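The structure under discussion appears below in the form of structure tokens.
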Amino acid sequence: MSNPVMDDLRRILSESILDLRELGKRKISITVKADNLLEAARILKEKMGFDVLTSAGAIDYIAKKIFQIVYYLWSSKRRTVLILRVNIPRENPTIQSLHRIWESADYHEREMWEMFGIDVQGHPNLTRILLPEDWSGGFPLRKDFDWRGGDAAFQH
Amino acid sequence: MLIDEILGWIKLNLKDLIQIVLFPGIAFILIFAVAATWFERKYLAHSMLRIGPLHTGRVAGWLQIIADFIKLTGKEVITPRNVNVFLFNLLPVLSVCTSAIAVAFIPFSSDWIIYEGNGISLLLFFAAASLTPYITLMLGWISNNKYSIIGAMRVSYVYISAEIPAFLAAMGVAIMAGSFSLIDIVEAQSRIPFLIPQILGFIVFFIAFLAEVERVPFDIPVAEQEIVAGWRTEYSGINFGVTMMMDYIPLCTWTLLFVTLYLGGYQGPLIFASQTLSNFFWILLKFSLVIVVILLFRSVFPRLRMDQTLRLTWKYLTPAAFLNLIITAIIAYYYPDLFGLIGAS
Amino acid sequence: MIISWGPQHPISGQFRIILETDGENVLKLTPDIGFTHRGIEKILENRTFLQGIVPVERLSMLDTANFLLAYVRAVEEIAEVDVPPRAKYIRTILCEISRINSHLYALGLIAEACGGYPAIFLWTVADRELFLDVAEMLTGTRWSYSFFIPGGVRRDIPSGFKEKVLEVLDYFEGRLETYRDSWLENELFKRRARGVGELPLDKAVTLGAAGPTLRGSGFRFDTRKDEPYEAYEDLDFKLVSMEEGDSYARTMVRYLEMVESVKIIREAIENIPEGRFRVRVPMRVPEGEAYVRVETARGEVGLHMITDGSIKPYRVKINSPSLRNLYVLSRMPEFSRLLVADVPVVLWSFDPWFLDADR
């Protein structure tokens, strides 16, 4: 049984797709090329109707030396969750902000920036959101995060 | 010699001294503040399925309020940086004094009044009571705190907007009684209280004076959920205790005025013991009933918003008070006999 | 004027709003979160699947069962475990009790936020106590149940539980009417909440509102209906939504959801199937990933778990509904006129819980 959303995705985003699979009922995971992220995101919103970005995060694949940026999209019409992934190198990670496309990316990209140290380019207000303003203990959600650094950052 | 002179003076002015120090004066107001606080805490607690003060003082925790006050006196008085220390500490006391002055014009019996006011005691009451918001405004301003400034601004907005309808409604009563003297107003209600002929004014005055004494649903200037504690945010220790008194002193004086204007003041259907004592009994009974009703509101109503309050007072209460005044004036001019029917002048 | 509204404030919670105001008008509203950040996502990476249960519950102390359910279901989905139907029903009952707990608290908080009406707050807290007692009878604790484990639930239903639940529900239905009459029909509350903090439908959807906030704007979405989990497929309940999108509608949605929750519990407890209440789940979960959505009291929580075949998850990402709603709140002054006095009302009509926004 083929999923119509999957078929549409395969057709519209044909060239940028690296990986496309179904995670469960009404849940699709798609990996696109990092260079095509902005374009793919725009197509997903405008042509595919994924109008909500519920969250965004990252996964630190330290062995593969990549960060996987994960955007959790949802379509209010198709009632489908789409997990949009992009792989970027672990050295000097940068990514384009999707704030222009999905406004709700605001908080999640700030969190991504402070938790993983991923430079989100084009974000209007890239400031700390969860960590203390004077935090200097590194990036907590990276796999090589030094816990002692975190402790030291709290000993003012 | 000197002692004899002082004793002679005291003897001569004994009644005035008792009035000022004891009954309608300082002691009465303080006892009222304590009793009202106790009742409010106890009553609210029961409405919230709690018990409230229980152990202090054995019976229903009546000593708890005094214990709390003593605790407040023992606390550190923190004066914020960059404020005028003298004014910051003076103003709470001043606000309590000025708002307590108004009780001097309330007759508790035809011969038991601190100052008769040469026949214009109603106007003097308004003059004295209107001093309070200025001092509250200064209190909020001098604290150098944003919440305090917002609270102070709210005080001035609410007070002015409520003062006008209250005053206009009271003028209707003054026309009916044909006098500004509160004693004359009470005497004019010997047959029927002004509550009935002045029903519109009664409603207007009741709502407006609730707003003036900052009771629910008009406790906007000290709205805890919005601006922490309004104009009293920065006060601590005994200063805070004094500003807490400000919740109750205007409530006391304005309720007394309300009782005097609309509920027949010290007059009652029954006279027992002596004339003066029964007068005291009746005015205190009416006063307590009104206070209970006002305190009860706190467990029934949420708070109105500032703009809603202003809309209510300016758009509805003020025109209604004017209407009431005009109707009363027309009747007083063309059909003065109607007043005679109900016993007014 | 810039006002720092919180975190030391009578009703702000562990949270701060930076208000830019012109007199009483709010021009800009910037939520400042992070006061309760504990790094739960990181903590979970260093706990085994069973140890992770306790930190996950700390996401939301008011609504522990629903958040834990998301975690437990993610583990089960990766391990490909079929949970016995009896466990599903027990889970559903506890989730709905947890939802009622949370909604009752929210109803009390908005009464408190409207000011001068603390009675309702204490009434709701007192009624919440009954549900805590019921939960204690089932799980042994009042708040943080730690009752769901991968593969089922910890214990079977104790004897006398059904009678106790029905007794509480009978009483509670009467109380719900009291709340409607004395609070939701209160003229002054309507004045404070109607038309305040209006959230248009298109904004609610595109800015990513969740749960009762989304449904209060007229969008009919509930994960329990959209992607039924546990026993919700078998149970008959209505999807509650209101069209108005103001603070009153959001409060009303929560109230009506409590009515539905009562129905769900009644139906579920009558129809509990017999059988096992737990199956074994291996300590080591195979490599894989799962994205699980659960409707908590504050909206849909999405839990993305990635495993690498060890005894610990490789990464857990929690998409918190409160964080989504707080973003909508931060945009509120753009499409709705707010006064300083409306800020607490609108804030608690969104019912954010800063513990799960901060994680």
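Below, all heavy atoms of this structure are taken into account, side chains as well, without hydrogens, waters or symmetry copies. Just so it is clear: chains get the letters A, B, ... in the order the sequence lines come, proteins before strands, and each one is counted from 1. Computed from a predicted structure; not experimentally measured.
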Within the structure provided, determine whether [X] and [Y] are in side-chain contact (heavy-atom separation under 4.5 Å).
{"X": "R331(C)", "Y": "E103(A)", "value": "yes"}
{"X": "Y291(C)", "Y": "S29(A)", "value": "no"}
{"X": "R315(C)", "Y": "L141(A)", "value": "yes"}
{"X": "R293(C)", "Y": "W74(A)", "value": "yes"}
{"X": "K143(A)", "Y": "E45(C)", "value": "yes"}

Distance-minimising heavy-atom pair for Y327(C) and S104(A): CE2-CA, 3.5 Å
Partner chain A: residue of H304(C), E227(C), E77(C), E300(C) with the largest heavy-atom pair count (under 4.5 Å): H304(C)
Distance in Å, T223(C) OG1 paired with R79(A) CZ, rounded so as to fall on 0.5 Å steps: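 Here the interatomic distance stands at 10.0 Å.
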Heavy-atom donor-acceptor pair, Y314(C) side chain to I59(A) backbone, under 3.5 Å: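 Checking the backbone N and O of I59(A) against the side chain of Y314(C), no donor-acceptor pair under 3.5 Å is found.
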Side chain R26(A), main chain D226(C), donor-acceptor under 3.5 Å: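 Indeed, once roles are kept as given, a pair shorter than 3.5 Å links the two residues.
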Proximity breakdown for P321(C) and chain A, heavy-atom pairs closer than 4.5 Å: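 Neither part.
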Side chain / backbone / both / neither for V316(C) at chain A, heavy atoms under 4.5 Å: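 The answer is neither part of V316(C).
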Proximity breakdown for L73(A) and chain C, heavy-atom pairs closer than 4.5 Å: neither
